[in-house]
There are 2 protein chains.
Amino acid sequence: MAQRDGQQCARPTLFDVAKCAGVSIATVSYALNGRPGVGEETRRRVLDLAKEMGFRPNRLARGLRLGRAHVLGLLIADIANPTYTEIAAAVVNEAAVAGYQVFLSHAGVHGELQRQQVETLLDQRCAGLIFTSVVEEDRALLEQIHAAGVPIVQVIRRICRIHADFVGTDEEAAGYAAATHLLELGHRCLAMAAGPRTSSASRLRAQGVRRALAGAGVEMPARWSVEGDLTVCAGYALARRVLARAPLPTAMICGNDVMALGAMDAMVDAGLRIPEDIAVVGYDDMAFASSRLIQLTTVHSPHAEMGKHAVRRLMERIEDPELPVQEILVKEHLAVRRTSGNALCGASISPYPAEPEEIRSR
Amino acid sequence: MAQRDGQQCARPTLFDVAKCAGVSIATVSYALNGRPGVGEETRRRVLDLAKEMGFRPNRLARGLRLGRAHVLGLLIADIANPTYTEIAAAVVNEAAVAGYQVFLSHAGVHGELQRQQVETLLDQRCAGLIFTSVVEEDRALLEQIHAAGVPIVQVIRRICRIHADFVGTDEEAAGYAAATHLLELGHRCLAMAAGPRTSSASRLRAQGVRRALAGAGVEMPARWSVEGDLTVCAGYALARRVLARAPLPTAMICGNDVMALGAMDAMVDAGLRIPEDIAVVGYDDMAFASSRLIQLTTVHSPHAEMGKHAVRRLMERIEDPELPVQEILVKEHLAVRRTSGNALCGASISPYPAEPEEIRSR
DNA sequence: GCGGCTTATTTAAACGTTTCAATTTCGAGG
DNA sequence: CCTCGAAATTGAAACGTTTAAATAAGCCGC
């Protein structure tokens with residue numbers, strides 16, 4: 001039994017509170033959950049007592065009884081990628097607002113490990129799952145999850161014709177904007193180091209680039225259109241390959257900022273100046289992109305907002321599983337910086353606050 | 001009842017399997033858990049059937065019964081910081097190996113939000129908690145968790161005299177090594193933009209720097225020793241302050257790489273060349289640090305290894321709560337690059353593989 | 001004073017495990 | 001043939017909730 005006052009007992013249960021309050025367990029449960037049918041005076045007494053005793057509901061028991069835990073699963077392919085961590089942060093925060101905890105899974109893309117993690121997530125009776133980078137091969141898995149009655153939201157990447165909501169940006173438009181920007185600067189020799197074809201986002205972006213080029217009547221030789229993983233190393237290798245022999249392009253669009261970083265390294269190695277000899281555009285606007293030493297022109301997409309939307313949508317669907325599948329697009333924009341010729345002039349585009357923040361000397 | 005063969009039923013339980021196998025629930029449980037006292041023939045039959053039916057144990061039920069879930073809580077102050085995400089990745093992976101899932105909490109440092117998240121974590125009956133950035137104010141919270149019988153591992157930062165293991169690096173030695181490196185290069189005018197004093201790691205590092213200086217008989221004017229948050233903005237503001245008036249230091253040690261990035265921006269703004277006019281040393285060796293455009297000299301600490309150790313230690317302690325408190329130090333090392341004068345010569349320190357990886361042209 | 005109605009409260013059954021204790025089975029030894 | 005003991009198996013309680021259904025308690029009008 002819970003000893004009253006002084007030290008609260010280790011972990012009082014409904015039973016303990018009920019005993020102390022001299023009522024039944026059911027009454028305590030009803031009172032704590034704010035359900036009707038409990039006398040005003042009783043309710044107050046129970047609430048006060050529960051607080052005093054430090055009662056906290058056991059979420060396992062609740063989940064077991066309800067057949068569903070107040071828990072979400074977040075699947076991230078690559079946690080080292082800032083894009084995903086920004087989303088993760090937003091997801092965790094927004095979930096907390098709704099009283100949900102988030103299981104983090106870091107299992108790459110479409111493998112045995114991923115399948116295993118998903119199984120475990122289902123074993124935990126997650127109320128919903130958020131996938132940050134599905135590939136076509138995951139279709140069967142997603143369908144199985146849907147069959148199990150667990151709603152899914154896809155973020156950034158997606159597979160089509162599947163019963164799952166999607167939150168992302170208009171990647172095609174982003175690619176179009178990036179290419180158009182370079183075309184307007186007068187570039188006619190564009191290269192593209194795209195992300196993997198398996199990513200719907202990368203595919204669409206490349207598509208947008210091609211549409212812009214076609215519109216301007218500009219051709220991109222096959223040798224300049226390469227694709228690889230979204231890593232520094234891949235960016236380096238791809239750029240090296242493109243720059244291996246003349247003629248050289250005057251601009252390069254990269255699958256993301258990290259690839260751009262690698263590509264720029266290859267350009268430096270090749271003795272090229274950026275942006276005088278070659279312009280570079282990235283994607284994601286990672287933290288380092290706005291650094292003075294880099295100043296990478298890139299497409300900024302609001303990842304935090306995407307994470308937030310993903311959770312909200314999941315909440316809606318958990319509430320009402322019959323909702324029609326929805327596609328939520330958030331607005332992205334091109335951040336023009338030095339690597340496409342926009343030399344930093346003045347503090348107008350400085351990432352730093354005008355007034356220095358608090359500084360403590362010692 | 002579970003229909004056999006063909007489509008497995010939604011989610012068979014022990015009961016369903018038992019019914020199909022014609023044995024009791026208890027037998028199935030014993031068989032699946034590999035406990036003794038089950039006939040060999042029965043065991044095989046049950047195992048096969050469970051697999052065929054797609055049985056998966058309900059982790060909520062198990063956790064409820066056991067009074068403890070196979071779940072860890074990971075508290076990260078700032079998920080945007082790559083240091084922490086590297087740790088997170090390792091933690092999630094290593095936990096998976098042990099059959100544990102990881103709850104991710106992103107609740108800053110010592111606030112109402114953090115307390116709330118911890119409470120929820122305890123409500124979920126986490127078997128253990130990993131804290132990545134405790135501050136002294138968290139002491140009461142950690143003690144409360146310990147009192148609740150939930151083991152804790154502190155990573156990177158720590159508070160002393162508390163019943164919790166610690167995994168980190170020898171920060172004092174790292175600070176000493178960084179400063180010694182600069183002293184050996186002939187620098188005598190060193191500045192330091194340290195991380196916040198509330199971080200044990202930052203404190204120790206600063207201490208190591210001072211020890212090195214004292215050993216060399218070098219003085220660091222108070223005006224050159226500043227501290228701030230581990231952000232780009234803080235780095236910029238601090239460096240700006242130090243560089244505001246002559247005399248200027250010839251080298252600056254920063255609290256981490258991100259701060260160094262900001263500080264270098266301030267140096268560029270001040271018309272200084274790196275490393276000719278001023279050398280810079282960071283800490284963490286984040287992804288961008290080795291980029292050709294940056295080549296930041298920095299202290300590389302093996303975060304993944306730390307995450308792994310943290311989980312392993314937690315497992316040991318969950319196994320045997322009576323273990324004496326342990327302090328695990330992993331080795332870090334100084335990566336000397338351009339910003340301290342080590343110009344990149346040849347591919348000897350290139351971060352890229354010699355052979356280009358697979359490239360697909362299209 | 002008593003059915004009938006509303007409101008407050010309780011009883012008890014789930015949810016799916018694990019595990020102690022009790023029961024059955026079966027072969028060996030007497 | 002009977003008994004004993006080990007091994008296999010089962011029954012049932014427990015973990016801490018939620019909730020449908022049953023019960024108790026008021027209260028009104030006739």
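Just the heavy atoms: all of them, side chains too, but no hydrogens, waters or symmetry mates, feed the values below. Throughout, a chain's letter reflects where its sequence line sits, starting with A, and its residues are numbered from 1.
- A sub-4.0 Å separation between OP1 or OP2 of dT18(D) and a side-chain N or O of N33(A) is present.
- Nearest heavy atom pair, residue I152(B) against residue H146(B), reads CD1-N, 4.5 Å.
- For the pair R35(A) and dT19(D), the criterion of a side-chain N or O lying under 4.0 Å from OP1 or OP2 is met.
- Applying the 3.5 Å distance criterion, the base of dA7(D) shares no donor-acceptor pair with the side chain of Y30(B).
- Relative to the ring axis of F166(B), R158(B) places its NZ or CZ within 45° and under 6.0 Å from the centre.
- The minimum heavy-atom distance between R11(A) and D123(B), with the atom names listed, is NH2-OD1, 3.3 Å.
- Smallest separation of non-hydrogen atoms from A304(A) and A90(A): O-CB, 3.1 Å.
- Within the 4.0 angstrom heavy-atom criterion, no nucleotide atom of any strand lies near R68(A).
- As a whole-Å value, the separation of N58(A) CG from dA14(D) P is 17 Å.
- If you check every strand for non-hydrogen atoms under 4.0 Å, R43(A) touches nothing.
- Following rounding to the nearest Å, L32(A) (CG) and dT9(C) (C1') show an atom-to-atom distance of 15 Å.
- The distance from atom CG of L14(A) to atom C1' of dC15(C) is 15 Å, rounded to the nearest whole Å.
- The minimum heavy-atom distance between A127(B) and A69(B), with the atom names listed, is CB-O, 3.5 Å.
- Not one N or O on the side chain of Q144(B) forms a donor-acceptor pair closer than 3.5 Å with the backbone of A140(B).
- Across all their heavy atoms, V71(B) and F103(B) have their closest contact at CG1-CD1, 3.3 Å.
- Residue V38(A) is the one, among V38(A) and S29(B), whose nearest nucleotide of DNA chain C lies closer to the 5' end (criterion: closest heavy atom).
- As a whole-Å value, the separation of L60(A) CG from dT17(D) C1' is 11 Å.
- Checked against dT10(D), dT18(C), dG16(C), the side chain of I25(B) finds its nearest nucleotide in dT18(C).
- When each of dT17(C), dT11(C), dG16(D) is scored by its nearest atom to the side-chain atoms of S24(A), the top-ranked nucleotide is dT11(C).
- With dT17(C), dT19(D), dT9(C) as the candidates, the nucleotide lying closest to the side chain of T42(A) is dT9(C).
- Atom CZ of R45(A) and atom P of dA8(C) are 14 Å apart (whole Å).
- Relative to the side chain of A26(A), the nucleotides dA8(D), dT10(C), dT10(D) differ in distance, and dT10(C) lies closest.
- Residue F15(A) contributes atom CZ, which lies 10 Å from atom P of dG16(D) at whole-angstrom precision.
- When the side-chain nitrogen and oxygen atoms of R62(A) are compared with OP1 and OP2 of dT18(D), one or more of them lie within a distance under 4.0 Å.
- Distances from the side chain of L66(A) to the nucleotides dT19(D), dT10(C), dG16(C) place dT19(D) closest.
- Interface residues of residues 116-128 of chain B facing DNA chain D, ordered by number: none; criterion, heavy-atom separation under 4.0 Å.
- Among dT17(C), dG16(D), dT10(D), the nucleotide with an atom closest to any side-chain atom of T13(B) is dT17(C).
- Between D138(B) and I159(B) the shortest heavy-atom distance is C-CD1, 4.3 Å.
- Take the nearest nucleotide of DNA chain D for E40(B) and for R65(A): the residue whose nucleotide is more 5' is E40(B).
- Residue-level contact check: P36(B) touches neither bases nor backbone, having no heavy atom under 4.0 Å from any strand.
- Ranking dG16(D), dT10(D), dT19(C) by closeness to the L64(B) side chain, first place goes to dG16(D).
- Contact annotation for G39(B): backbone-only contact, meaning every heavy-atom pair under 4.0 Å involves sugar-phosphate atoms and none involves a base.
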